[in-house]
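What follows is a single structure, written as structure tokens, with notes after it.
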Amino acid sequence: MRKLYVHNSLSRQREAFDPITEGYVGMYVCGPTVYSDVHLGNCRTFTSFDVIFRFLKHLGYKVRYVRNITDVGHLEGDVDVGGEDKIAKKARLEQLEPMEVVQKYSNGFQQMMETFNILPPSIEPRATGHILEQIDMIKKIIANGFAYEINGSVYFDTPKFIAEEDAYGKLSGRVVDDLLQETRDNLKRQDEKRDPSDFALWIKADATHLMRWESPWSTGFPGWHLECSAMSTKYLGPHFDIHGGGTDLKFPHHENEIAQNMGACKCTPAKYWLHANMLLLNGKKMSKSDGNSVMPQQLFSGESEHLSKGFAPMVVRFFMLQAHYRSTLDLTNDALLAAEKGYQRLMEAYKSLQRLDTKAEATTELDQEISTLIEGAYQDMCDDFNTAKALGKLFELATKINALHNGQLKLEDLSSKTLAALKEAYHTFLFDIFGLESSVASAKGEEELIDGLMNLIIDLRKGARENKDWGMADKIRDTLSALAVQVKDGKDGTTWSKK
RNA sequence: GGUCGGGUGGCCGAGCGGUUAGGCAGAGGUCUGCAAAACCUUGUACGGCGGUUCGAAUCCGCUCCCGACCUCCA
């Protein structure tokens, strides 16, 4: 198995990836809170982890990938200053049952994941389905002295945790003293919490609250953060390999998750923390709360003030892979236009590659160059999943493929062994690792029909050209062009592709 | 204000001590009935000012911008 290196947010360093159990990887990624439509930022994060998931599997690891759906407990504002559960609020606004809201947006989320060709995780647990596990975890935390109950609600005792375990603030780089002091001004408004840095594990529901469960402390609902601790523990154990999520979750979400896990079992949840960076629009973070965003649907349709046209989901996926997952990525119309061209070039090279064949056996300099590029692409991926760099290698290979295809490089100079390896690697990278579908597989019969028709048309045009009937030949070419079909006259025959 | 990250050629985006990243756009060429496509060649960029070094986009200091987190967010 190839040696993998990852950037661990916890140490802020590149580390050799050594799974806890040889050959197996447990990975938990914070999923969405389903109270509205997914936006592109979510899609980028989940695309990043999708590629990580795919690559780990490709390396030969048996991966259990858990990505939750949060459908309760996510408060707006602070619970003590009128915070309200996001799901419940939406349910009230839309006159729906909370579970109706959750179902609607969960469905939408999963459809969007499919649209982006993001593989479903191994387990996709829901917070509402794990209330018992959460209650159980709260009991453990209380038993260990890191939480206290007051008026039916339970809070995590952050100062105590800080005093006893040298762990709080490590991931997000907070200065503990600041955390304890900064919010001092808010202290007056906290009637239940002992300290402003404490956070809710269980919240007593008031009379109007729609989502509620029985617990030893009150009829209420679990706090945000807790579901991830409970569900990761349940499905991956108290200590697992990778925990991922958007970088904006580092604080407070992931920091609190660590505190809860340690509070419950005295052990750190994840060995490696991976954080995907933000997707920007016009240089600013995409955010649903401040309106600076383009919804995926708008991106596909082009109906947005920021876009000149619509872009296919795979073009967007390709666009995202051109940047490293830990870097911010600025979404602009020009960048998407460029990505669209690049994506097409890559796919055309793939098609051309399928038509190449050779019987040569001798190994030449060309063989060496191609092998080096393939190996390089693997090395790039093994270095913290550098899709941008690996993609660069694929483009360099595309240049070789095109040259072989149109005769500028000789097929006789390429051994059949290397060609087979190239075909294998290209397919593996494009489809298995990067997850780029050549097109959403339309009805197969239709494809065959189009191929048949195109062959006929190209044959007719060939006849016209042989008779020097340029008018007819050009009419065919121009008409096809108007239908977004590119006719390509090559050395040995004519091929076509969709523009 | 505190903490962290970043400023790379027309645009996007890798690199992080010495090699052409790559994509898109542009220019010239090959090919072509003309084109397109494809291929070849080409640009010599690293916010500013100092410093370390044989050598810095890459390390250090200062400085100017930008962004993120600190409050719900992937």
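Just so it is clear: chains get the letters A, B, ... in the order the sequence lines come, proteins before strands, and each one is counted from 1. Model, not experiment: these values are computed from the prediction.
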Quick check for you: among [options], whose closest atom lies nearest to any side-chain atom of [X]?
X        : options             : result
A:Arg345 : B:A74, B:C12, B:C24 : B:C24
A:Lys285 : B:A37, B:A74, B:C69 : B:C69
A:Lys341 : B:A14, B:A25, B:A35 : B:A25
A:Thr45  : B:G33, B:C39, B:A74 : B:A74
A:His39  : B:A74, B:A14, B:U32 : B:A74
A:Phe251 : B:G13, B:A38, B:C69 : B:C69
A:Arg461 : B:G33, B:A68, B:A37 : B:G33

For [X], answer base if it contacts any base atom (sugar-phosphate contacts may also be present), sugar-phosphate if it contacts only those atoms, and nothing otherwise; contact means non-hydrogen atoms under 4.0 Å.
X        : value
A:Arg465 : base
A:Glu396 : sugar-phosphate
A:Asp489 : base
A:Asp474 : base
A:His324 : sugar-phosphate

query = How far, in whole Å, is B:G67 from B:C31 if one measures between their C1' atoms?
reply =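 Looking at atom C1' only, B:C31 and B:G67 are 48 Å apart.
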
key: Between B:C62 and B:U3 - P atom distance, rounded Å   =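 It works out to 13 Å between them.
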
key: Identified ring-ring contact (aromatic ring centres under 6.0 Å, His included) counterpart of A:His225 within the set A:Phe251, A:Trp202, A:Phe199   =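 Answer to the ring-ring contact (aromatic ring centres under 6.0 Å, His included) test with A:His225 among A:Phe251, A:Trp202, A:Phe199: A:Phe199.
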
message = Judged by each residue's nearest nucleotide on RNA chain B, which is more toward the 5′ side, A:Gly471 or A:Lys389?
response =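 Closer to the 5' end of RNA chain B: A:Lys389.
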
inquiry  = Quick test of the criterion, 5.5 Å between centres and less than 30° between planes. Is A:Phe46 stacked on B:A74 or not?
reply    =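 No; by the centre-distance and plane-angle rule, A:Phe46 does not count as stacking on B:A74.
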
Atom-pair distance (CE on A:Met278; P on B:C4), nearest Å =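 Whole-Å distance recorded here is 18 Å.
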
query = Can you check the A:Leu356 CG to B:A38 P distance for me, whole Å?
reply =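 Computing the A:Leu356:CG to B:A38:P distance gives 15 Å.
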
